[in-house]
Number of protein chains: 2
Amino acid sequence: MLDYLEGGLNLVKHLDEKSEALPDHIGWRLWQASRAWQAEFAAAMRVAGHGWFTEARAALLGHIPRVGTRQSTLIDRSAISKQAVQQLLDGLETEGVLERLPDPKDGRSKLVRYTHKGLDALRDGDRIKLQIEQDYIARLGQQRFAALMDALRALDARQAGAIDREAGV
Amino acid sequence: MLDYLEGGLNLVKHLDEKSEALPDHIGWRLWQASRAWQAEFAAAMRVAGHGWFTEARAALLGHIPRVGTRQSTLIDRSAISKQAVQQLLDGLETEGVLERLPDPKDGRSKLVRYTHKGLDALRDGDRIKLQIEQDYIARLGQQRFAALMDALRALDARQAGAIDREAGV
DNA sequence: GTAAGTAGTCAAGATGCTTGACTACTTAGA
DNA sequence: TCTAAGTAGTCAAGCATCTTGACTACTTAC
């Protein structure tokens with residue numbers, strides 16, 4: 001193997017770029033596409049003045065409906081530990097995007113709610129999502145885009161189903 | 001892994017209960033699908049005895065062809081800083097997955113090469129990828145799966161094009 | 001042969017996550 | 001009604017991943 005490398009950089013380059021293609025399986029493609037979307041969205045959000053926006057925070061916000069939610073619900077819903085959720089909420093609260101209120105129904109619990117600033121960001125986010133989607137449709141064509149969404153939704157349904165079976169539901 | 005999938009289940013539940021539309025845009029779907037694939041793959045790798053396997057390391061290994069590569073090439077190719085690449089390589093070297101050799105052609109440079117252990121992991125990884133893919137095909141159907149891959153490849157091509165334009169190529 | 005550029009390293013720090021240990025409150029049940 | 005168990009949230013410490021800045025060693029261009 002080293003013989004190849006010692007044989008000259010051109011050969012190595014050739015092997016790298018032509019003979020051994022970069023990964024082209026579904027996992028790699030999904031990862032690349034997801035990263036690209038995240039990067040595009042985050043950049044647009046920063047341009048729109050939401051400098052506090054990060055990927056981790058976005059992932060959490062994706063689980064908070066506009067009407068707000070209980071912190072414990074959020075913990076159940078997101079895939080991370082309650083301490084991680086709490087730390088992210090601390091940051092978002094400091095940024096003024098969210099606020100936490102005591103739950104009048106349960107003295108242990110807290111309600112997480114968007115501030116005005118948070119709702120503004122959601123609105124901008126929706127606009128940016130639509131813009132990116134329009135761009136994707138323009139490049140893929142309506143049909144291929146629809147097929148993409150359809151397949152992704154079907155995959156999601158399959159995962160929920162898998163859990164149902166595991167849980168004996 | 002299960003935590004994540006459970007999150008997906010709760011997502012569905014939430015839709016039923018509160019009927020507030022949760023994210024259903026392309027970015028969210030891509031993110032969910034990508035995370036699910038990563039989790040499934042990583043779990044299978046750990047079961048196969050590759051306990052050192054993590055997502056960050058996987059992302060780096062995805063850029064290292066079987067014949068190995070120069071560290072600087074790896075730095076160019078991956079989207080992270082050279083120091084981050086180095087730290088990941090340090091870890092993988094400690095785990096015995098990779099080794100670094102001086103480049104006989106360039107005294108500054110180092111060659112990154114898989115060890116026997118690393119090549120074993122690649123082989124298991126390929127097997128697992130195929131298994132997951134077969135599972136996806138079984139659930140989506142050949143046609144929908146092909147449409148998914150086609151759309152993802154088309155998106156990737158568009159991004160490469162965008163970069164080319166930015167670089168003035 | 002020297003100035004500029006490239007490859008890699010070392011160090012310090014930020015972010016995002018983890019586990020463990022804890023307080024405060026609610027609920028179930030003898 | 002007590003009390004034990006469970007739930008909601010917090011505090012603290014630590015790990016993994018990634019960043020920027022400063023540096024050494026080597027190569028290349030002129």
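Just so it is clear, the structure is predicted and the values come from calculations on it, not from any experiment. A, B, ... follow the sequence lines: proteins, then strands. Residue 1 opens every chain. Worth knowing before you read on, the calculation uses all heavy atoms, side chains too, and leaves out hydrogens, waters and symmetry mates.
Residues forming a salt bridge (Lys or Arg N to Asp or Glu O under 4.0 Å) with A/Arg144 (at least two apart in sequence, or on another chain): B/Asp150. Residues passing the side-chain contact (heavy atoms from CB on, under 4.5 Å) test with A/Glu99 are A/Arg113, A/Thr115, sequence neighbours excluded. For B/Asp126, the side chain to side chain donor-acceptor pair (under 3.5 Å) criterion is met by B/Arg66, not counting sequence neighbours. With sequence neighbours excluded, no residue satisfies side chain to side chain donor-acceptor pair (under 3.5 Å) with B/Gln143. By the side-chain contact (heavy atoms from CB on, under 4.5 Å) test, B/Arg108 pairs with B/Asp106, sequence neighbours left out. Scanning for salt bridge (Lys or Arg N to Asp or Glu O under 4.0 Å) contacts around B/Asp76 gives an empty result, with sequence neighbours left out.
Residues A/Phe145 and A/Arg139 fail the side-chain proximity criterion, which asks for heavy atoms closer than 4.5 Å. With a 4.5 Å cut-off on side-chain heavy atoms, A/Ile137 and A/Gln142 count as touching.
Taking atom CD of B/Glu55 as the reference point, atom P of C/dG16 lies 15 Å away to the nearest angstrom. A/Gln86 has its CD atom 15 Å from the P atom of C/dT19, to the nearest Å.
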Hey, can you pull the donor-acceptor pairs under 3.5 Å for the side chains in residues 49-60 of chain A, sequence neighbours left out?
from, atom 1, to, atom 2, distance (Å)
A/His50, NE2, A/Asp124, OD2, 2.7
A/Thr54, OG1, A/Arg57, N, 3.3
A/Arg57, NH1, A/Trp52, O, 2.7

Show the atom names and distances, to 0.1 Å, of all donor-acceptor pairs under 3.5 Å that link a side chain in residues 80-94 of chain A to residues at least two apart or in another chain.
from, atom 1, to, atom 2, distance (Å)
A/Ser81, OG, A/Ala84, N, 3.1
A/Asp90, OD1, A/Arg100, NH2, 2.3
A/Glu93, OE1, A/Arg100, NE, 3.2
A/Glu93, OE1, A/Arg100, NH2, 3.0
A/Glu93, OE2, A/Arg100, N, 3.3
A/Thr94, OG1, A/Asp90, O, 2.9

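Remark on the helix from C/dG1-D/dC30 to C/dA30-D/dT1: inter-end axis angle 20°, axes from five-pair C1' superpositions, rounded to 10°.
On the nucleic acid side, DNA chain D has its first and last nucleotide under 4.0 Å of a heavy atom of chain A at D/dG6 to D/dA13, going 5' to 3'.
Nucleic acid contact for A/Ser109: sugar-phosphate only, since backbone atoms but no base atoms lie under 4.0 Å from a heavy atom of the residue. Across all strands, A/Arg57 comes closer than 4.0 Å to no nucleic acid atom at all (heavy-atom distances).
For A/Lys82 and B/Lys110, each mapped to the nucleotide of DNA chain C holding its nearest heavy atom, the one lying further toward the 5' end belongs to B/Lys110.
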### Query
Passes side-chain contact (heavy atoms from CB on, under 4.5 Å), B/Met45 versus B/Ile128? Steps please.
CA-CA 8 Å; B/Met45 283 295 276; B/Ile128 291 166; 3.7 Å; yes
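In this structure, OH in B/Tyr136 is found 5.5 Å from CG in A/Leu155, a value given to the nearest 0.5 Å.
Separation of the B/Trp31 and B/His25 ring centroids does not fall under the 6.0 Å cut-off.
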Distances under 3.5 Å only, N/O to N/O: pair up the protein atoms with those of nucleotides 26-28 of chain C.
from, atom 1, to, atom 2, distance (Å)
C/dT26, OP1, A/Gly107, N, 3.0
C/dT26, O4', A/Arg108, NE, 3.4

Could you go through nucleotides 11-15 of chain C and list every protein N or O atom that sits under 3.5 Å from one of its N or O atoms, giving the distance for each pair?
none

